[in-house]
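Below is one structure; the comments refer to it alone.
Below, all heavy atoms of this structure are taken into account, side chains as well, without hydrogens, waters or symmetry copies. The sequence lines fix the lettering, A, B, ..., with proteins before strands; numbering per chain opens at 1.
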Amino acid sequence: MPELPEVETVRTGLEDALKGATIKKVELKRANLRFEFPEHFAKKLTGATIESIGRRAKYLLFHLDNCMVLIGHLGMTGRFSVEKPPKTYGKHDHVVFTLTDGRAVIYNDARRFGFMTLSSEKELSENVFLADLGPEPLEKEFSAKYLEIQLLRRSGPIKTVIMGQGLVVGVGNIYASEALFLAKIDPRKPAKKVADNSAELVKAIRAVLKDAIKSGGSSLRDFVQVSGESGYFQHHFNVYGRAGKPCITCHTPIKNLRMAGRSTFYCPHCQK
DNA sequence: CCTTGAACCTGCGGGC
DNA sequence: TGCCCGCAGGTTCAAG
């Protein structure tokens, strides 16, 4: 599910559902997801109360009352649902937290690119997964000036560069294409040469992400309660997944190509 | 340092 | 119906 807007949508839903909830039991249906669970994972979570749920980049941060933080990543296919304990669990239901109020928090992840780990509250910012991340795209630190400086020292194609989480977090494969369309920049253009357009690019990235968060929010309730798939593909994209279809602006067919192993969509006429 | 490509894993849809 | 191929929202690691 996961680019920043989807993770943010999940975060909001989980916080609504789980704030103040206490974990009574932790069940691991297998020894690992992408990584092994940390030592004493279940034990450290059992009895803890969830005080709040935050987000950094595409990571969910469950702040607990025992000075620990459960760090979760959804990978490509990770999903959380909060519901009455089902009679039987699905093939890819890997983690279950049973709450003291009887509800079950189920983490399902077919491809298992997601993972969970723990950090102390104190050492959170030095956590290996969080330490080297770039600024949040919707925060002030992600400014035109900052982006300009970053772009000037990169030689790779702009699309690949903005997807790197060290430069700015949260821009994944879909929204990279979408943001570049909005900013009218060819995804193949060397990052250096886009430095002059930093202000537009910052604006486009923010606009695309904000818009997606907004539309994700409306279908949120369904998302968390049922283990459904609302949100993502109901969203309308300008270029992503629209190869051969007319550009919404000039009607030129949208092109699709592969960059760094990822499919990329752009309008050859509008994006220079 | 930066960039690229392969790897991780499962499911789905298309073509034959 | 079934098999094979390519493809999918992300990140890490090794190597150039």
Between [N] and [X], is there an OP1 or OP2 to side-chain N/O distance shorter than 4.0 Å?
X	N	answer
A/Lys91	B/dT10	no
A/Arg262	C/dG10	yes
A/His92	B/dG11	yes
A/Thr77	B/dG11	no
A/Arg153	B/dC1	no
A/Ser155	B/dT3	yes
A/His73	C/dT11	yes

Exercise. Look at the side chain of A/Arg34 and the base of C/dT11, then say whether one donor and one acceptor between them are separated by less than 3.5 Å.
Key: yes
Would you kindly give the [atom1]-to-[atom2] distance between [X] and [N], to the nearest whole Å?
X	N	atom1	atom2	answer
A/Gln165	B/dC2	CD	C1'	16 Å
A/Lys159	B/dT3	NZ	C1'	15 Å
A/Leu33	B/dC9	CG	C1'	12 Å
A/Glu36	B/dC9	CD	P	12 Å
A/Met163	C/dT11	CE	P	8 Å
A/Asn173	C/dC7	CG	P	13 Å
A/Leu257	C/dC7	CG	P	13 Å
A/Phe35	C/dG10	CZ	C1'	11 Å

Nearest of [options] to any side-chain atom of [X]?
X	options	result
A/Arg154	C/dC7, B/dT3, C/dT12	B/dT3
A/Arg111	B/dT10, B/dC2, C/dG10	B/dT10
A/Phe129	C/dT12, B/dC9, C/dG10	C/dT12

Quiz item: Just checking A/Gly261: base, sugar-phosphate only, or nothing, at a heavy-atom cut-off of under 4.0 Å?
Solution: nothing
Quiz item: What does A/Pro157 touch in the nucleic acid at a heavy-atom separation under 4.0 angstrom: a base, only the sugar-phosphate, or nothing?
Solution: sugar-phosphate
Exercise. Using the P atom on both, measure B/dC9 against C/dC3 and round to a whole Å.
Key: 23 Å
Practice problem: Check the pair A/Thr22, A/Thr49 against side-chain hydrogen bond (donor to acceptor under 3.5 Å, both in side chains), reporting the backbone distance first and the verdict last. | Solution: CA-CA 4 Å; A/Thr22 298; A/Thr49 296; 2.7 Å; yes
Quiz item: Going through the checks in order, is the side-chain hydrogen bond (donor to acceptor under 3.5 Å, both in side chains) test met by A/Asn32 and A/Arg34?
Solution: CA-CA 6 Å; A/Asn32 68 297; A/Arg34 171 155 196 192; over 6 Å; no
Exercise. Assess whether atom CG of A/Asp132 is packed by more than 12 heavy atoms of other residues, nucleotides or ligands within 6.0 Å.
Key: no
Practice problem: Inspect the surroundings of NZ in A/Lys43 and state if more than 12 heavy atoms from other residues, nucleotides or ligands are less than 6.0 Å away. | Solution: no
Self-check item: Identity of whatever pairs with B/dC9 - Watson-Crick or G-U, under 3.5 angstrom
Solution: none
Self-check item: Passing candidate, salt bridge (charged side-chain N to carboxylate O under 4.0 Å, His left out) with A/Arg55, options A/Glu136, A/Glu15, A/Glu6
Solution: A/Glu136
Exercise. Measure the distance between the ring centre of A/Phe113 and the centre of the six-membered base ring of C/dT11, then answer whether it is under 5.5 Å with planes under 30°.
Key: no
Quiz item: A/Lys159 versus A/Leu180: any side-chain heavy-atom pair under 4.5 Å?
Solution: yes
